[in-house]
Each structure stands twice: as structure tokens, then as C-alpha cells.
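Encoded as C-alpha cells, here's the structure I'll be asking about.
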Amino acid sequence: MERTLRLEGLSPVERDIYYAAGELSKTEEEVRTFGLIEHTLVKDVSRPTFFRALKSLVRKGYLSQSSTANRGRYIVHAPGK
């Protein structure tokens, strides 16, 4: 499944954050950092590791920062787009 979704190049933490963001984006267009960090998939990840992985996902194009908020809100993108 991860190969189909083009997620095989992500670290386990990056995948968990991406899955959590995808789940949260089903109810809201923008995903808040607070919602992500409290999600059951990533709640046991240390804050520094979480934020490094989040930054990496933005750099790789899986997430982007919202244009409507200064920080803390992200938009989920389909892999490979």
C-alpha cells in the first residue's frame, strides 16, 4: 500500500504524521499542528522529532503551510503531486 501511495521513501515518523494528517483532513481542510501532535499515531513521538519530520514533509511536498494562517496549519497533498 505504501508503494502505491508513494510513501516508501518516508521515515516511520513521517508516514505516521502523514497518515494522521490525512485522517484529520477528512473533517477539516486545514490540519492544525496541535491536532497532529495529539493524534494517537504520533502522540508518543518526541516534540523535536515530530517537528523535524513535519518540516521534512513540507519540504518533500506532502504537506504545505496554509496561506490563511501564519503558522500551525497545514494542507495535505496527495503523494507525487
Side-chain angles (χ1 to χ4, degrees):
M1 180 170 106
E2 289 172 356
R3 182 171 293 135
T4 303
L5 293 175
R6 297 182 181 152
L7 301 178
E8 70 272 1
L10 299 179
S11 73
V13 174
E14 289 172 332
R15 276 194 302 268
D16 288 345
I17 291 172
Y18 185 75
Y19 288 146
E23 189 175 299
L24 293 172
S25 72
K26 291 178 183 176
T27 57
E28 297 287 329
E29 183 177 333
E30 296 178 345
V31 177
R32 297 183 63 188
T33 303
F34 181 77
L36 280 173
I37 209 164
E38 292 293 319
H39 194 279
T40 56
L41 287 171
V42 295
K43 70 178 182 177
D44 294 330
V45 175
S46 71
R47 288 181 66 85
T49 300
F50 172 84
F51 284 104
R52 274 193 302 272
L54 184 63
K55 184 177 180 179
S56 177
L57 287 169
V58 170
R59 189 175 57 251
K60 292 176 181 179
Y62 290 90
L63 302 175
S64 65
Q65 290 187 320
S66 170
S67 61
T68 61
N70 290 354
R71 60 185 174 160
R73 292 179 189 262
Y74 296 88
I75 298 171
V76 180
H77 301 287
K81 296 200 175 182

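We're numbering straight along the sequence, starting at 1.
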With rounding to the nearest 0.5 Å, note down the distance linking OG1 in Thr33 to CZ in Arg73.
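Interatomic distance, Thr33 OG1 to Arg73 CZ, rounded to 0.5 Å: 9.0 Å.
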Do you know which two heavy atoms are closest between Ala21 and Leu63, and how far apart they sit?
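The answer is CB-CD2, 4.0 Å.
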What is the distance from atom CD of Glu30 to atom OG of Ser67, rounded to the nearest 0.5 Å?
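Those atoms lie 7.0 Å apart.
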To check you understand the geometry: which heavy-atom pair defines the closest contact between Val13 and Ala53, and what is its length?
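Looking at all heavy atoms of both residues, the closest pair is CG1-CB, 3.7 Å.
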Do Leu57 and Leu10 pass the side-chain contact (heavy atoms from CB on, under 4.5 Å) test, and can you show the C-alpha distance, the side-chain angles, and the key distance before you say yes or no?
CA-CA 9 Å; Leu57 287 169; Leu10 299 179; 4.0 Å; yes
Going from CD1 on Ile17 to NZ on Lys55, what distance comes out if it is rounded to the nearest 0.5 angstrom?
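If we round to the nearest 0.5 Å, Ile17:CD1 and Lys55:NZ are 13.5 Å apart.
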Give the intermediate values and the outcome of side-chain contact (heavy atoms from CB on, under 4.5 Å) for residues Gln65 and Tyr74.
CA-CA 4 Å; Gln65 290 187 320; Tyr74 296 88; 3.4 Å; yes
Using a cut-off of 6.0 Å, state whether more than 12 heavy atoms not belonging to Lys60 lie near its atom NZ.
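Enclosed.
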Could you state the interatomic distance from CZ (Phe51) to CZ (Arg47), rounded to the nearest 0.5 Å?
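Between Phe51 CZ and Arg47 CZ, I get 4.5 Å after rounding to 0.5 Å.
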Work out which heavy atom in His77 is nearest to a heavy atom in Ser64; give both atom names and the distance.
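Closest approach of His77 to Ser64: NE2-OG, 2.7 Å.
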How far apart are the C-alpha atoms of Leu36 and Leu54, what are their side-chain angles, what is the distance that settles it, and do they pass the side-chain contact (heavy atoms from CB on, under 4.5 Å) test?
CA-CA 10 Å; Leu36 280 173; Leu54 184 63; 4.1 Å; yes
Restricting to non-hydrogen atoms, name the atom on Lys43 and the atom on Glu38 that form the minimum distance, rounded to 0.1 Å.
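Of all heavy-atom pairs spanning Lys43 and Glu38, the closest is CB-O, 4.1 Å.
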At what distance, to the nearest 0.5 angstrom, does OG of Ser25 lie from OH of Tyr18?
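Answer rounded to 0.5 Å: 8.0 Å.
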Are Val42 and Ile75 connected, step by step, through hydrophobic side chains (Ile, Leu, Val, Met, Phe, Trp, Tyr) whose heavy atoms are closer than 4.5 Å?
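No, Val42 does not connect to Ile75 through the hydrophobic network.
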Kindly give the heavy-atom pair with the smallest separation between Phe50 and Val45, and that separation in Å.
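Shortest heavy-atom contact: N-CG1, 3.7 Å.
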